[in-house]
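Please read the structure below before turning to the comments.
Note: hydrogens, waters and symmetry copies are ignored here, and every other heavy atom, side chains too, is used. In this text the structure is predicted, and so the values were computed from the model without any measurement.
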Amino acid sequence: MKRIGLLGGSFDPVHVAHLALARAALRALNLQQVQFIPAANPWQRAPLQAAPEHRLRMIELAIDGQAGLAANPIELERGGATYTIDTLLALPGGPRYVWLLGTDQLANFCTWRQWQDIAARVELAVATRPGTPLAPPPELATWLATHGQALAELPFAPMAISASDIRARLARGDSTEGLLAPQVAQYIARHGLYR
């Protein structure tokens, strides 16, 4: 069965840590593809700065020519508040989907709308920090044990890169050297994003 990794996020903007995580997941989890799914309007965070079409185009530029990486605009096309369960229900049947999470997202997973339905539909894979144990919230741990499921561990050395720091650097006119794919940096400059 085809295994597809799903990496959701605001990607405001997409940066080199996102790309490194996707490539690590391809290798470690035996995936045929990782799809970047930019959120339309994530309900648990502040409004996004770049317009949806810019965030999608930056992803397309960042992954261009990289085997196994794809952009999936399903949430942007649907619009409105972004809930993971709605996205999973809209994906085509057939593949086995693996939802890629950071430890920060794992900690608040049980606050997601219909989180039990999400856990029932996908394998959960968590990017762990070296030396940090994989510790799901008690409610999720109980659910997984009851349903005979486990969290997949994705070993991933943390990278001190955040989209909020990149946006702040761009607003100040500071360098983002090494933080963005060159073609993404060029796109941001060309369109005057985050100024």
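- With rounding to the nearest 0.5 Å, the separation of CG in Leu154 from CG in Leu124 is 12.5 Å.
- Across all non-hydrogen atoms, the minimal contact from Val16 to Gly178 is CG2-O, 3.5 Å.
- Note on ring orientation: taking the six-membered ring where Trp is involved, the planes of His15 and His18 are parallel (angle under 30°, cut-offs 30° and 60°).
- Between the CZ atom in Arg169 and the CD atom in Glu177 there is a gap of 11.0 Å [rounded to 0.5 Å].
- Heavy atoms from other residues, nucleotides or ligands lying under 6.0 Å from CD of Glu53 number more than 12.
- Side chains of Met58 and Ile188 form a contact here, defined as non-hydrogen atoms less than 4.5 Å apart.
- Side-chain contact between Leu7 and Leu21: present, with at least one pair of heavy atoms (C-beta onward) separated by less than 4.5 Å.
- Of all the heavy atoms in Ala141 and Pro136, the pair that sits closest is CB-CG, 3.9 Å.
- Side-chain contact between Asp86 and Arg78 is present, with heavy atoms from C-beta onward closer than 4.5 Å.
- Between Pro13 and Tyr194 the shortest side-chain heavy-atom distance falls below 4.5 Å.
- In terms of heavy-atom proximity, Gln33 sits nearest to Ala70 at NE2-CB, 3.5 Å.
- If you chain together hydrophobic residues whose side chains sit under 4.5 Å apart, Ile37 and Leu106 fall into the same group.
- No continuous path of ILVMFWY side-chain contacts below 4.5 Å connects Leu56 to Phe11, so the two sit in separate hydrophobic clusters.
- Side-chain N or O atoms of Thr176 include none that pairs as donor or acceptor with a backbone N or O of Leu179 at under 3.5 Å.
- A side chain to side chain contact (heavy atoms under 4.5 Å, CB included) with Val14 holds for exactly one of Ile59, Leu61, Leu180; it is Ile59.
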Side chain to side chain contact (heavy atoms under 4.5 Å, CB included) between Val98 and Leu6, intermediate numbers included:
CA-CA 6 Å; Val98 181; Leu6 303 173; over 6 Å; no
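- Contact check for Thr111 versus Trp115: no side-chain heavy atoms found under the 4.5 Å cut-off.
- When atom types are taken as modelled, the side chain of Asp12 and the backbone of Gln49 share a donor-acceptor pair closer than 3.5 angstrom.
- Expressed to the nearest 0.5 Å, how far OG of Ser162 lies from CE of Met159 amounts to 12.0 Å.
- When side chains are defined from C-beta on, Leu29 counts as touching Arg3, because their heavy atoms get closer than 4.5 Å.
- Using modelled atom types, one finds no donor on one side chain facing an acceptor on the other under 3.5 Å when comparing Gln114 with Gln116.
- A single hydrophobic cluster is seen to contain both Phe36 and Leu26, as judged by linkage of ILVMFWY side chains at heavy-atom distances under 4.5 Å, directly or through other members.
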Can you check side chain to side chain contact (heavy atoms under 4.5 Å, CB included) on Leu100 and Val34, steps first, answer last?
CA-CA 9 Å; Leu100 307 175; Val34 171; 4.0 Å; yes
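- In this structure, Arg113 forms a cation-pi arrangement with Tyr83, its terminal cationic atom sitting closer than 6.0 Å to the ring centre and no more than 45° off the ring axis.
- Taking the six-membered ring for Trp and thresholds of 30 and 60 degrees, Trp143 and His147 have nearly parallel ring planes, at less than 30 degrees apart.
- The structure places CG of Leu151 at 8.0 Å from CG of Leu101, a figure rounded to the nearest 0.5 Å.
- Looking at Arg55, its side chain does come within 3.5 Å of a backbone N or O of Ser10 through a donor-acceptor pair.
- With rounding to the nearest 0.5 angstrom, the CZ atom of Arg57 is 10.0 Å from the CD atom of Gln183.
- Under the 3.5 Å distance criterion, the side-chain polar atoms of Gln66 are matched with a main-chain donor or acceptor of Ala62.
- Looking only at side-chain heavy atoms (C-beta outward), Cys110 and Trp112 stay at 4.5 Å or farther from each other.
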Carefully, step by step, assess Arg121 and Asp117 under the rule salt bridge (charged side-chain N to carboxylate O under 4.0 Å, His left out).
CA-CA 6 Å; Arg121 289 183 167 275; Asp117 294 333; over 6 Å; no
Under the side chain to side chain contact (heavy atoms under 4.5 Å, CB included) criterion, do Glu60 and Asp64 qualify, and how do the steps go?
CA-CA 6 Å; Glu60 292 168 345; Asp64 187 40; over 6 Å; no
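- Under the 4.5 Å side-chain heavy-atom criterion for ILVMFWY residues, a single connected hydrophobic cluster contains both Val126 and Leu88.
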For Phe156 and Thr128, run side chain to side chain contact (heavy atoms under 4.5 Å, CB included): C-alpha distance rounded to whole Å, both residues' side-chain angles, the deciding distance at 0.1 Å, then the answer.
CA-CA 6 Å; Phe156 184 69; Thr128 57; over 6 Å; no
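- Under the 4.5 Å side-chain heavy-atom criterion for grouping Ile, Leu, Val, Met, Phe, Trp and Tyr, Phe109 is connected to Leu89 within one hydrophobic cluster.
- In this structure, Ile74 and Ala90 approach most closely via the heavy-atom pair CD1-CB, 3.6 Å.
- Within the 4.5 Å cutoff, side-chain heavy atoms of Leu193 are placed close to those of His54.
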